[in-house]
There are 4 protein chains.
Amino acid sequence: MRSDDVADPAARRHHGNRHGRSEHARRAVLEAADDLLVEKGFAGVTIEAIASSAGVAKQTIYRWWSTKTDILLDAFLQDAAEDLAVPDHGEVGADLRDYLSSLTHFLTRSDAGAVLRALLGQAQHDPAFAAVLRARFLDEQHDRDRLVIERAVHRGQLPADLDVPAEVDQLVGPIYYRLLVTGDRIDEHFTDRLVAAFLQRAGRS
Amino acid sequence: MRSDDVADPAARRHHGNRHGRSEHARRAVLEAADDLLVEKGFAGVTIEAIASSAGVAKQTIYRWWSTKTDILLDAFLQDAAEDLAVPDHGEVGADLRDYLSSLTHFLTRSDAGAVLRALLGQAQHDPAFAAVLRARFLDEQHDRDRLVIERAVHRGQLPADLDVPAEVDQLVGPIYYRLLVTGDRIDEHFTDRLVAAFLQRAGRS
Amino acid sequence: MRSDDVADPAARRHHGNRHGRSEHARRAVLEAADDLLVEKGFAGVTIEAIASSAGVAKQTIYRWWSTKTDILLDAFLQDAAEDLAVPDHGEVGADLRDYLSSLTHFLTRSDAGAVLRALLGQAQHDPAFAAVLRARFLDEQHDRDRLVIERAVHRGQLPADLDVPAEVDQLVGPIYYRLLVTGDRIDEHFTDRLVAAFLQRAGRS
Amino acid sequence: MRSDDVADPAARRHHGNRHGRSEHARRAVLEAADDLLVEKGFAGVTIEAIASSAGVAKQTIYRWWSTKTDILLDAFLQDAAEDLAVPDHGEVGADLRDYLSSLTHFLTRSDAGAVLRALLGQAQHDPAFAAVLRARFLDEQHDRDRLVIERAVHRGQLPADLDVPAEVDQLVGPIYYRLLVTGDRIDEHFTDRLVAAFLQRAGRS
DNA sequence: CAATAACCGAGACGGTACGTCTCGTCTTACG
DNA sequence: CGTAAGACGAGACGTACCGTCTCGGTTATTG
């Protein structure tokens with residue numbers, strides 16, 4: 001039998017099989033890409049470096065991904081999945097403050113945030129990739145950004161005729177602006193102020 | 001003297017001289033870089049391509065610039081200088097609407113705007129370049145963004161204790177957000193709404 | 001021996017059995033290798049190409065052969081077996097003229113001859129393969145080359161003290177020389193002249 | 001033009017110039033190819049290995065040569081130039097014995113001979129290269145092979161109607177045959193016997 | 001007449017070398 | 001001394017095969 005293999009399935013080397021790819025290789029590539037970005041910067045992320053530091057053949061990478069940004073996007077999506085929960089305490093102000101604060105933390109402190117910055121940078125150079133990035137992450141994220149407000153509207157805490165997309169842009173726009181353009185620190189004072197301005201607008205409209 | 005170069009720059013080949021650098025070469029490089037970016041995209045801007053399409057030797061480029069983004073930044077600064085005038089009609093609302101509208105036009109419609117997007121993209125990949133970009137353009141632009149509001153404060157049209165930097169981020173942040181992240185259209189309706197929200201905040205504070 | 005293999009299993013598809021290999025796969029591989037050499041040249045003979053055009057798994061090839069030249073050698077030996085009969089009319093001159101003429105035809109006209117050329121080429125690059133080629137074909141062929149003369153010596157038509165190996169090298173050497181080095185045409189006039197020279201030497205010695 | 005290079009080619013490092021290639025790089029490549037063939041065999045001669053052991057960039061190799069056999073041919077021609085002098089003592093027999101003996105030594109003992117074997121091997125795999133090899137070496141060598149006999153014919157020592165090409169093939173053919181096919185030792189006894197057979201034929205014809 | 005064992009096609013794997021591309025440096029010759 | 005030209009060392013690119021390995025299926029012999 002293969003009791004050894006079965007006993008420790010993670011440890012054993014996977015050298016190919018008939019139906020499907022190596023999970024081991026897939027993970028090693030994504031982790032290597034992630035690590036390289038954080039340690040060496042975007043220029044340090046080369047297919048050769050990924051292959052070599054993942055202990056994987058280049059051809060194995062090319063079999064499953066087309067570009068290095070494709071790899072980084074996969075790595076990012078895997079990491080980002082759990083980190084962007086939308087809070088629901090039932091109170092708009094608190095939820096928004098909470099959400100913007102954790103969004104900020106994600107963007108500026110986590111490795112995944114660094115990867116996203118790199119991907120957004122690449123999107124500026126490559127319209128085709130920009131479209132992919134939107135389709136595979138940004139649109140979904142945009143929905144998430146809307147969620148707190150939409151729930152409040154649903155609960156009757158906010159006016160029904162609120163122009164949600166425009167309001168969301170005014171809430172998160174300044175955060176991305178500081179992240180991508182000015183590089184200024186984004187603290188809770190700043191995000192709280194954004195929420196306050198929103199509530200003021202929404203209360204009056 | 002440069003009269004020859006200026007009089008008939010195309011005809012006379014400039015193969016070196018004893019009196020400093022060639023203005024002809026400088027211009028040809030900046031224009032070539034600009035054109036290549038617009039026509040072929042950022043990936044099409046290589047030092048070799050610039051040299052070849054400017055009719056200039058690679059070494060001449062390396063003598064005066066270090067990287068291709070350095071060239072693009074020079075090209076951008078030259079183009080951007082005149083295009084970002086700050087209006088002063090004496091009325092904050094009108095001035096801001098005017099300013100944001102022309103800023104938007106600059107960012108989304110002009111070739112220089114395309115170059116800036118590329119430079120901002122590169123800044124996400126390269127912290128050193130991000131610092132240079134801030135020092136040579138963004139800080140100055142940030143000052144310009146503040147100008148309309150500061151003038152109004154000075155005139156007594158806006159409260160003196162206004163947190164100008166934070167307000168500016170809320171005004172232009174959403175614009176850059178759409179430019180760099182969502183790719184959504186930025187029309188006058190959107191910029192006018194930003195101004196309205198600002199006036200509402202400022203009037204109350 | 002291989003008589004079993006050749007004898008038994010018929011033309012039906014063979015997808016595995018407990019004892020013994022698939023004759024179908026064996027033949028398909030040898031034919032594919034042969035065809036590829038003739039159609040695409042030596043560089044076109046790759047294990048992957050053989051496997052794919054024989055409809056066989058790579059592993060099946062590696063189970064039975066070690067290198068592509070090993071395959072070509074098997075293919076060659078199978079083809080060559082019948083084509084190199086040694087004539088025996090009882091007259092040395094006629095036999096030799098006949099033999100050299102058919103040897104030349106085999107070397108320059110047949111597909112098997114093309115394969116042998118490739119194998120001899122490989123033997124120049126790889127001493128280990130050169131040894132194998134000698135053991136599995138050239139020594140035997142050398143014996144065949146000797147046969148006509150030895151029979152004549154036996155019959156008393158040629159002197160008993162003839163240095164047969166040296167004479168054989170002078171008979172066939174020029175043929176291989178033209179085949180492998182100069183590429184000159186080898187016609188009957190040339191082979192007849194070789195025989196004439198031999199008879200002259202043998203008559204005198 | 002190149003007088004500088006020719007004057008002092010060895011000493012200075014040459015990292016590029018406007019008109020013409022680096023003699024230093026050229027020599028390093030040819031020597032590296034030669035050494036690799038002798039030390040590691042034909043399979044050990046790879047462009048990467050040559051580049052690395054010559055301290056040269058791959059692109060520099062590809063700029064001037066197309067294939068590894070092209071490099072080996074250049075290396076061979078440079079080495080072979082001086083080693084194949086044709087003797088002229090005024091006596092056919094002595095000259096031929098001398099010539100065949102030194103030819104044999106060149107083919108079987110020298111590094112250049114090993115390279116030639118490899119090139120002849122490659123020629124069996126690649127008709128295009130075979131043509132190049134003939135044009136750049138074999139034809140010339142064939143002329144050299146004829147020279148001793150032609151001089152003797154000219155001196156009246158041999159019949160004027162001698163079929164020189166066919167005679168040459170009978171003289172050198174057996175040597176190449178042993179070199180390329182049988183691998184048998186080629187000693188002076190063998191080459192002297194070839195000469196003796198030739199003289200016998202020529203004397204009678 | 002099931003269980004087993006050897007062989008089959010398929011194809012993913014870690015690798016090596018390929019030939020191409022661009023980089024940034026260096027040397028030369030000209031004006 | 002700045003220029004145009006362009007060869008150079010370096011190294012990443014994406015591709016082609018290499019030889020190894022696993023997988024699931026097929027069949028003949030065995031228990």
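These values consider heavy atoms only, across backbone and side chains, with no hydrogens, waters or symmetry-generated copies. Reminder, nothing fancy here: chain letters follow the sequence lines and each chain counts from 1.
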Check whether any side-chain heavy atom of D/I71 lies under 4.5 Å from a side-chain heavy atom of D/I47, and answer yes or no. yes

For B/T46, check side-chain hydrogen bond (donor to acceptor under 3.5 Å, both in side chains) against everything at least two apart and list the hits. none

side-chain hydrogen bond (donor to acceptor under 3.5 Å, both in side chains) contacts touching residues 30-43 of chain B (sequence neighbours left out): none

Considering residues at least two apart in sequence or located in another chain, which fulfil the side-chain hydrogen bond (donor to acceptor under 3.5 Å, both in side chains) criterion with A/R26? A/E23, A/Q78

Partner residues of C/D111 under the salt bridge (Lys or Arg N to Asp or Glu O under 4.0 Å) criterion, sequence neighbours left out: none

Residues which pass ring-ring contact (aromatic ring centres under 6.0 Å, His included) with C/F42, listed by chain and number, not counting sequence neighbours: D/H125

What is the separation between atom CZ on D/R26 and atom P on F/dC8, rounded to the nearest whole Å? 12 Å

Return the residues of residues 57-69 of chain D meeting this criterion: a heavy atom under 4.0 Å from some atom of DNA chain E. Order them by number, or give none. D/K58, D/Q59, D/Y62

Rounding to a whole Å, what distance do you find between C/E23:CD and E/dC8:P? 11 Å

Close residues, residues 39-53 of chain C, relative to DNA chain F [heavy-atom separation under 4.0 Å]: C/T46, C/I47, C/E48

Which whole-number value in Å describes the distance from C/H24 NE2 to F/dT27 P? 13 Å

Partners of C/E48 by salt bridge (Lys or Arg N to Asp or Glu O under 4.0 Å), sequence neighbours excluded? C/K58

With sequence neighbours excluded, what pairs up with B/A131 under the side-chain contact (heavy atoms from CB on, under 4.5 Å) test? none

